[in-house]
Amino acid sequence: MSSINWRNVNAAKKLPDRLLNFFAKYPPPPAIFERKTTFKSLQLPKTTSEPVEIPSTTSSTDPNASSVETVADTLPPGSEWTFNPFAPQKNFTTGRWRGPIYGLRQQADLCKLAQKCGALDLMPPSIKNPETRAKRREELGLRVKGTGVGQKVKGHIWERKIKGKLEKRRVAMEGMPEMIRLWKQRGHGRGWKKFPK
Amino acid sequence: MAKKTKSRTIAVRLVSMAMTGYYKTLTRPRTHRPLSMLKYDPVVRQKVLFLEQKRGGGGK
């Protein structure tokens, strides 16, 4: 255990100052390191809860069911962040909300930096976490209406009617040689009775 | 009141039978039989049959 801690310390020394300062201010819960040692995974997503972290509900039951099992498998008890500087906090006395310590731009910067250094698992849950973002992108699709599976858009009226129109035209053109033949047969329209309305 | 005299010729609409909505307007004597001819339809880009549209109510 001690050797692994040393490894962590050595690794931490290589981190950029910005990340070191962040971790000094907001150290990750110790259980996260245990997870890293026991479950070898550096790339396991830690997408517990990007919604607001309220002190009473630290267990963080997340809305996406897919991540539930991975989190349950990987996160030992006590590895949740008691205070998330990336989430807004509610003051229960006044009932007012206070914004996150780090704004979204700073969160994104820190997360990107952490990813670069391989310390993404040590960051608190954030919507700017690249893994969370990838997951959300997967869930939400391209955000272009009608591109998802089974999605449809209403479209312009001409777009809605074009299919039927083209089909009608195709059928009409298929019968055109026969129609012209008949028309010629009947004296170039002399005996023609059927005129369009 | 004297009845208004009808003109000798009328303007008629020849619609493409390719169902493209393309039409040509021609004039013919009122008493002539309905017009029909082969003409070029630019939508389908070929010669197709054009038939005179039946004249509806609308004062025609």
Side-chain angles (χ1 to χ4, degrees), chain A residues 63-64 66 127 130 133-197, chain B:
Chain A
N64 29 18
S66 60
I127 52 167
R133 282 170 72 89
K135 201 159 173 296
R136 276 164 64 89
R137 168 62 61 85
E138 222 172 75
E139 280 169 14
L140 298 171
L142 287 173
R143 281 280 177 95
V144 177
K145 264 182 148 185
T147 53
V149 179
Q151 280 183 4
K152 244 171 101 176
V153 284
K154 189 177 177 185
H156 294 286
I157 192 159
W158 67 267
E159 287 170 317
R160 297 200 295 270
K161 291 191 169 173
I162 191 79
K163 210 175 166 188
K165 260 187 175 178
L166 288 177
E167 179 60 20
K168 212 170 147 189
R169 195 177 296 173
R170 192 187 61 77
V171 172
M173 283 312 289
E174 271 177 9
M176 187 56 67
E178 175 63 17
M179 199 180 199
I180 291 172
R181 194 189 62 75
L182 261 178
W183 177 77
K184 282 182 176 168
Q185 200 181 31
R186 292 181 188 170
H188 287 226
R190 270 182 200 87
W192 196 268
K193 289 279 183 284
K194 271 172 67 181
F195 285 92
K197 269 214 159 181
Chain B
M1 207 167 156
K3 226 178 177 181
K4 200 180 174 187
T5 53
K6 286 183 175 178
S7 65
R8 198 181 70 83
T9 57
I10 51 170
V12 292
R13 186 177 278 190
L14 269 69
V15 296
S16 163
M17 286 294 99
M19 298 305 183
T20 56
Y22 185 73
Y23 64 88
K24 286 177 176 294
T25 313
L26 302 176
T27 48
R28 68 159 168 87
R30 188 181 292 273
T31 53
H32 195 271
R33 63 181 167 79
L35 293 180
S36 58
M37 55 188 75
L38 287 175
K39 275 197 165 294
Y40 182 76
D41 185 334
V43 181
V44 288
R45 286 185 277 189
Q46 68 185 74
K47 261 192 172 183
V48 295
L49 186 64
F50 280 68
L51 293 177
E52 185 181 317
Q53 203 171 23
K54 269 188 201 167
R55 288 174 297 144
K60 261 195 178 178

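Naming: A, B, ... by sequence-line order, numbering from 1 per chain.
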Please answer whether the main-chain N or O of [Y] pairs with a side-chain N or O of [X] as donor and acceptor at a distance below 3.5 Å.
| X | Y | result |
| --- | --- | --- |
| B:Arg55 | B:Val12 | no |
| B:Gln53 | B:Leu14 | no |
| A:Trp158 | A:Arg160 | no |

Note to self: Is B:Leu35 in contact with chain A via its backbone, its side chain, both, or neither, using a 4.5 Å heavy-atom distance?
What the structure shows: backbone
Notebook entry, point to check: By a 4.5 Å heavy-atom criterion (distance strictly below it), what part of B:Val15 contacts chain A: side chain, backbone, both, or neither?
Noted result: side chain
Donor-acceptor pairs under 3.5 Å, side chain of residues 169-190 of chain A to any protein atom, not counting sequence neighbours: which ones?
from, atom 1, to, atom 2, distance (Å)
A:Arg170, NE, A:Glu167, OE1, 3.4
A:Arg170, NH1, A:Glu174, OE2, 2.5
A:Arg170, NH2, A:Glu167, OE2, 2.7
A:Glu178, OE1, A:Arg181, NE, 3.2
A:Glu178, OE2, A:Arg181, NH2, 2.8
A:Trp183, NE1, B:Ser36, OG, 2.8
A:Arg190, NH1, A:Gly187, O, 3.0

Item checked: Heavy-atom pairs under 4.5 Å with chain A, option from B:Gln46, B:Met19, B:Glu52 with the top count ->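 Greatest number of close heavy-atom pairs with chain A: B:Glu52.
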